[in-house]
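Just so it is clear: chains get the letters A, B, ... in the order the sequence lines come, proteins before strands, and each one is counted from 1. Just so we're clear, the structure is a prediction, and the values are computed from it rather than from any experiment. Below, each value reflects all heavy atoms present in this structure, side chains not excepted, and no hydrogens, waters or symmetry copies.
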There are 2 protein chains.
Amino acid sequence: MTESFLKIEDVAKETGLTKRAIRYYEEIGLISAPQRSERGTRLYTQEEIEKLNKVVLAKEVLGFSLQELQQFIQLDEEIEKRRRDYRQAPGPKKREELHQLSEGLEKQINFIQYKMEKMQNFKHELEELNQRITDFFRQERQD
Amino acid sequence: MTESFLKIEDVAKETGLTKRAIRYYEEIGLISAPQRSERGTRLYTQEEIEKLNKVVLAKEVLGFSLQELQQFIQLDEEIEKRRRDYRQAPGPKKREELHQLSEGLEKQINFIQYKMEKMQNFKHELEELNQRITDFFRQERQD
DNA sequence: ATTAACCTTTACGTTAACGTTAGATATGTT
DNA sequence: AACATATCTAACGTTAACGTAAAGGTTAAT
């Protein structure tokens, strides 16, 4: 019946990570420590799995190191926190922090934009090469 | 007067790599060995620099490992070779090779496409976060 | 009740991609 | 000619991101 706690192997299967990697991510503080059962077994929530999936995606797709990811996550969490804390009462110092957060975000956005443009170029080159090959076959059929 | 040979430090400056990295890339076969002076000093051509710059770009932007890059480069070189060799006389076995090249290219293209889509999603998320922050400031100005 | 299959921590091993140091030449400058 | 610089090879060092093995405890099933 009590079905909602997930052990580490379930998490591993859902994220594609190994159990070792998951523990390692926790060890270096990339993800926060999950709840434990009375005997010490790690129990994960669905939310934590989604967080891990995000990590995996950002790592594999963006090619970020775990250190870089840590900064992203930190950014993300601070924003979440701010959103809760200062909904009605953003003090004057906090506004400065918000500005800095925004600047950090813009930097990251530009960086991704830059990467995407370069990737587009690269893709274009590959497509041109492939076009030449298929052109060759087409030409041959007209023999 | 003889100005056209570039020593390794020049290459390092133009590519942003270290001398060690350049020798290492040669060592693992990522780039081919350049000419040497009589006494053994590596002498690079402009073409080789451009090749290295491509490597740097692909590594940093695409987040590829040197192993993955090796496959890309191999692909690229084989295509170049084929283009010279079989312009008029593509034997029957070679046509099979061409097909395989094309398949390899398409895989890589799809892979890049996949990456770009995920990056787009990621970028969107960051932009939404940033939007919330700037929205907050805008709202405040209407106080 | 004894396997089998999990979980845990601890700790040493591994691979990629270089960094660093050493020792021997080479080149360029005054 | 001497001196600072740069180049070479060879070899050991380093860091990140885990892999793997050992030793022990728990739970599930036969």
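Rounded to whole angstrom, the span from the CD atom of B:Glu27 across to the P atom of D:dC12 amounts to 14 Å. Taking atom OH of A:Tyr24 as the reference point, atom P of D:dT20 lies 16 Å away to the nearest angstrom. What separates CD of A:Gln70 from P of D:dA16 is a distance of 11 Å, to the nearest Å. Separating the CD atom of A:Gln67 from the C1' atom of D:dT14 is a distance of 14 Å, rounded to the nearest angstrom. C:dA17 atom C1' lies 16 Å from atom CD of B:Glu26, rounded to whole Å. With rounding to whole Å, A:Leu30 atom CG is found 9 Å from D:dA17 atom P. Regarding A:Phe5, its CZ atom lies at a distance of 11 Å from the P atom of D:dT27, rounded to whole Å. Between the CD atom of B:Glu38 and the C1' atom of C:dT27 there is a distance of 14 Å, rounded to whole Å.
A salt bridge does not link A:Glu9 to A:Arg42: none of the charged side-chain nitrogens sits closer than 4.0 Å to a carboxylate oxygen. Ion pairing between B:Glu127 and B:Lys123 holds under the 4.0 Å rule for side-chain N and carboxylate O.
Listed for the A:Asn110 side chain is no donor-acceptor partner under 3.5 Å among the backbone atoms of A:Lys107. Listed for the A:Glu106 side chain is no donor-acceptor partner under 3.5 Å among the backbone atoms of A:Glu103. Within the 3.5 Å criterion, the main-chain N or O of A:Thr45 finds a donor-acceptor partner in the side chain of A:Glu48.
At the heavy-atom level, B:Ile28 lies nowhere under 4.0 Å from the strands shown. Across all strands, B:Ser37 comes closer than 4.0 Å to no nucleic acid atom at all (heavy-atom distances). Residue contacts shown for A:Thr18 are limited to sugar-phosphate atoms, with no base heavy atom under 4.0 Å away.
Using the six-membered ring where Trp is involved, B:Phe64 and A:Phe122 have ring planes that are perpendicular, over 60° apart on the 30 and 60° scheme.
To the nearest 0.5 Å, atom CG of residue A:Leu126 and atom CD of residue A:Glu128 are 10.0 Å apart.
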Notebook entry, point to check: Using a cut-off of 4.0 Å between protein heavy atoms and nucleotide atoms, how would you tag nucleotides 6-12 of chain C 5' to 3' with B, S and -?
Noted result: SSBB-B-
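The side chain of B:Tyr25 contributes an N or O atom lying less than 4.0 Å from OP1 or OP2 of C:dC18.
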